[in-house]
Structures are given as C-alpha cells and as structure tokens.
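On a predicted model such as this, the values are computed, not experimentally measured, just so you know. Just the heavy atoms: all of them, side chains too, but no hydrogens, waters or symmetry mates, feed the values below.
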Amino acid sequence: MAGIVGYGAYAPKYRIKVEEIAKVWGADAPSYKRGLMLREKSVPAPDQDVITMSVEASRNAIKRAGIDAKKIGAIYVGSESHPYAVKPSGTVVAEAIGATPDIHCADFEFACKAGTEGMFVALSLVEAGKMEYALGIGADTSQGAPGDALEYSASAGAAAFIFGKNDTVAEVEHTNAYMTDTPDFWRREYMHYPRHAGRFTGMPAYFKHVTGAATALLEISGTKPEDFAYAVFHQPNGKFPTTVGKKLGFKPEQIETGLLCPRLGNTYSGSSPMGLTAVLDVAKPGQLIFMVSYGSGAGSDGFIYRVTDRISKVQDLALKTTDYLDRETIQLDYGTYAKFRGKIRMSE
Amino acid sequence: MSTSARYWREIPQRYRYEASKCKGCGAVWFPPRLICAECGKREFEDVTLSNTGKVQTFTVIRVAPNEFCDESPYAIGVVELDDGVMIQCQIVDCLPEEIKTGMPVKIEFRKVKQEGQAGIINYGYKAVPAA
Ligand SMILES: [Zn+2]
C-alpha cells in the first residue's frame, strides 16, 4: 500500500508575541490570547520565503526517506504565498534538492488546503503506478493586514512528504474531500493582504467543511474517533481545532501532539501538514492517525494513516518538528517585524 | 540580464553545493575547476559539500551596498566545512555580536538578493548557528 516514505518540516527562528502586536493597535492582548488560544507566531527572516522553507523541509524528508532525489517523479508545492506570481516555486525547490530534470511540476493554490491537495495528488500518482516517488509540500509565509485579527496568527512554516509504495513509514489507508463555493476568505490579484468575512469564517466555513470531511472519512473507513492515537486538524488558531475535535468525539490527548498553533501561529498551507510531522516524530508502529485540513474558499481534505514499523528507524534521521519549535528563538519587536515583512513603505 | 545569466550558470554550486574532487590528488575545488591547481590533472569526480562547518573568520558589514542596505548590519564570514572546504557566505539567524570564530554552523537555503522589485530572486547558501 502506498504511503509516506519520508517527511520533514521547517520553521523559522523568529517569533513575535501577541502582546507585541496588540500594543501597537491598542488591542487587549489577554482577550486575543484567550480567544485565539495563541501566544506567539513564527516570522520568516527577510531572506526566507516559501521556496527556501520548502527546500529545507524537503531535505529533511529526503534524509528520512533515504532515497535518491532523482527518483522523485513529481513535485507539488501548495501555498498562498508563492514568491513569484508567474514561475513555479517547485522549479527552484526541485533544482535545489537535485530532482531535475525528469520531474512533473506545478504549484498548487487553495488557501490553507493547497498543501494537502498537493499531498493527495502526489500519493495518487504513486498509487496509479505513474512514478516511484512523488513529493507534496505545504508551505506559507502568510500576512494579515496590520491591525487585522489575522495579523496575530498568520505565520510561516513548511512540511514536505515523499510518497511511495515501498518502505513506507505511514500507509495512507483512506482519503476524501469535502468542498463547496464559500467566500469566507480571499485575496484578489495585486492586493497585498487578504480579506475575510469576519464571523462568517467560523460556522459555515471552517466547522462545516472540517466536520463534513471528518464525518464522511469516519464513515467510509468504518472507524471511530477512539480508534486513533492522534488527530490533526487545520489550525487557523488554537481554538478551532480543539473545538472541532471535541465535537467529533476526539479527546484532547489525541489532538495536543499535532496542535502547534499556540506557539507557532497559523502556517496556512503548512498547518495540518506540520501537525502531522510532529505526530510522526513520536508515533509508534501500528498507530492510526486522523487528519483533516481546511482551506478557505472552501474545502477540506481527509487522510487516515497507519504508522509502520519503519517509523522508528527514520524519526531521528533529521531535525524533528519540535526541534524547530524548542530551539532558542529570536523575539521581534513590532518595528523589526514590520521591516522583515515589508510592511514599511520605503523610498522608491 | 547579465546578472541573471551568471546566477543561472552557478545554480549547481549555489543550490546544491556541487564541487569537483581531483582524481589525481584528491583536492576538492569549489567552485569546480577544469584543471587541478594542486597537481594539474584534468579528471574530477562530482562531490557534494558537507552542510555543516565552523566559522573561520567573519566581518560585520554596517555600510552595505545599495541592494543589501535593508539588511545591515549583517555578517559575512569564511566557513570551513566539515570536509575541509572553505566557503564565503553570510551568517544569519543571529545577532552579529553573537558570532564567534569556531562557532558551529549549518548551511541553509536562503534568498541572497532580488534583482530589483520586478527581477528574479537569487537563491543560495548562508550559514546559520547549528541547532
Ligand atoms: Zn589534483
């Protein structure tokens, strides 16, 4: 059965705290921290973008897979912050990992769901026998408008997964999708910041689609929440995945390992994929993992993974996701953050 | 255009740290050479440089050229990789005053510069403190 043969994540070293952002906009930090269940978020260095983080995450994935990158037959980078409007991020990433020239490539976009869609397509190509290995990546360096609620959470990170049929560390037992036309969050061409429909982003958007995908996934797989060791949901903040998990019947212990948002922020396309890497870092053979992503617009992808014996041989072959979170971070003040993120209007 | 063309030619070194190892004397050249400067042989095998090393020496740039002025102050150093090859690159993800000679570093993939607002982005390697 096809599945993940190698995985890896990357998070930048810089952070900004909720208090530091709230101070600038006269907002109440404690209520934001409580409401979003979020303490701080990652910030990309000025020399980092979706491409650089995808390269680092992919290099970690290749180390764990232990394969020759030339055997990767497709690369799909899912992101809403690709550095170029026209020129695929995947071209640079594939070149950097040494996977060119015999490789299929296109960038994916679907708000925060682009990464899991890339994973699904990579998996499907391998299952179809079109290629030996395929690489799916979710990465973002997203921005919220200054003072907007999204500014507290929009962060940066990447996760990469190599799919194959042999030597898997986690087999993919089931997949599904749940998608409708729901205008909860969008960004028009040439606009710098996204717009969102405020309160609309909760019930008819995140909760409807995540619950829709999750319920169908449990049904088609004939599983129950208690069958899973871990559950990972998209994390626009700390609260939504906790709430949706509880509603579906998952316990906090099943969710907390993959819940990175409280100290990482919302890494958008990297969100549930990074949560999955954190789970794989500690998972044991035979365990089942439940995963549902969410992307505004709107849709969710569901996956059920079964961890194999090989997991324990690869966990220590590259930096773990918590290594990136636990390492000494550099805290930014709002001014430096604004400079890093290009929020300051410069002389032309 | 000339900047882009040179950047493109150097991708194997900038992205993948490809070097050449002399089949005669074993000397490793980065960037690769056609003739070994040690023994004069012309046969090489391709090798990939190690991605960890130590800071040999460094300097802090406080008055930067125009295209890097947003980044100042920043550090440029010579890093001796674990395979003995010396490379020159920026040292990032730390304050310049925290950098010390002998500090262990890791090589990461980063943006090196942008060719203006509308031009291509140049990627390459930089050193960061080892985790
Ligand atoms: Zn020689």
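In this structure B:Lys113 satisfies the salt bridge (charged side-chain N to carboxylate O under 4.0 Å, His left out) test together with B:Glu67, sequence neighbours excluded. Partners of A:Asp326 by side chain to side chain contact (heavy atoms under 4.5 Å, CB included), not counting sequence neighbours, listed by chain and number: A:Arg263, A:Thr322. Residues that satisfy the side chain to side chain donor-acceptor pair (under 3.5 Å) test with B:Tyr74, not counting sequence neighbours, are absent from this structure.
Screening A:Val93, A:Asp47, A:Val92 for a side-chain contact (heavy atoms from CB on, under 4.5 Å) involving B:Tyr123 leaves a single residue, A:Val92.
For chain B, the nearby part of A:Lys339 is the side chain; its heavy atoms alone come within less than 4.5 Å. In this structure, no portion of A:Phe340 lies under 4.5 Å from any heavy atom of chain B. Contacts of B:Val92 with chain A are made by side-chain atoms alone, with heavy-atom separations under 4.5 Å and no backbone atom involved. Looking at B:Ile11, only its side chain comes within 4.5 Å of chain A, counting heavy atoms on both sides. Neither the backbone nor the side chain of B:Leu95 comes within less than 4.5 Å of any heavy atom in chain A.
For the atom pair CD1 (A:Ile51) and CZ (B:Arg110), the distance works out to 14.0 Å, reported to the nearest 0.5 Å. To the nearest 0.5 Å, the span separating CD1 on A:Ile330 from CD on B:Glu98 amounts to 6.5 Å.
The pair B:Lys106-A:Glu56 meets the salt-bridge criterion, since a charged nitrogen lies less than 4.0 angstrom from a carboxylate oxygen.
Of residues 66-82 of chain A, no residue lies under 4.5 Å from chain B by any heavy-atom pair.
Taking a 6.0 Å sphere around NZ of A:Lys63, one finds it holds more than 12 heavy atoms contributed by other residues, nucleotides or ligands. Within 6.0 Å of the CG atom in B:Leu34, the count of heavy atoms belonging to other residues, nucleotides or ligands does not exceed 12. Heavy-atom neighbours of B:Lys21 NZ from other residues, nucleotides or ligands within 6.0 Å: at or below the threshold of 12. Counting non-hydrogen atoms of other residues, nucleotides and ligands closer than 6.0 Å to CD of B:Glu97 gives a total above 12. Counting heavy-atom neighbours within 6.0 Å of B:Lys41 NZ, excluding the residue itself, gives a total of 12 or less.
A:Tyr14 has its side chain within reach of B:Asp93: a pair of non-hydrogen atoms, C-beta onward, lies under 4.5 Å apart. At a threshold of 4.5 Å between non-hydrogen side-chain atoms, the residues A:Glu328 and B:Pro129 do not count as touching. Residues A:Thr52 and B:Glu108 are not in side-chain contact: their nearest non-hydrogen atoms beyond the backbone lie 4.5 Å or more apart.
Nearest approach of A:Arg59 to B:Tyr15, heavy atoms of both residues: NH2-O, 2.8 Å.
At least one donor-acceptor pair under 3.5 Å links the side chain of B:Arg16 to the backbone N or O of A:Glu95.
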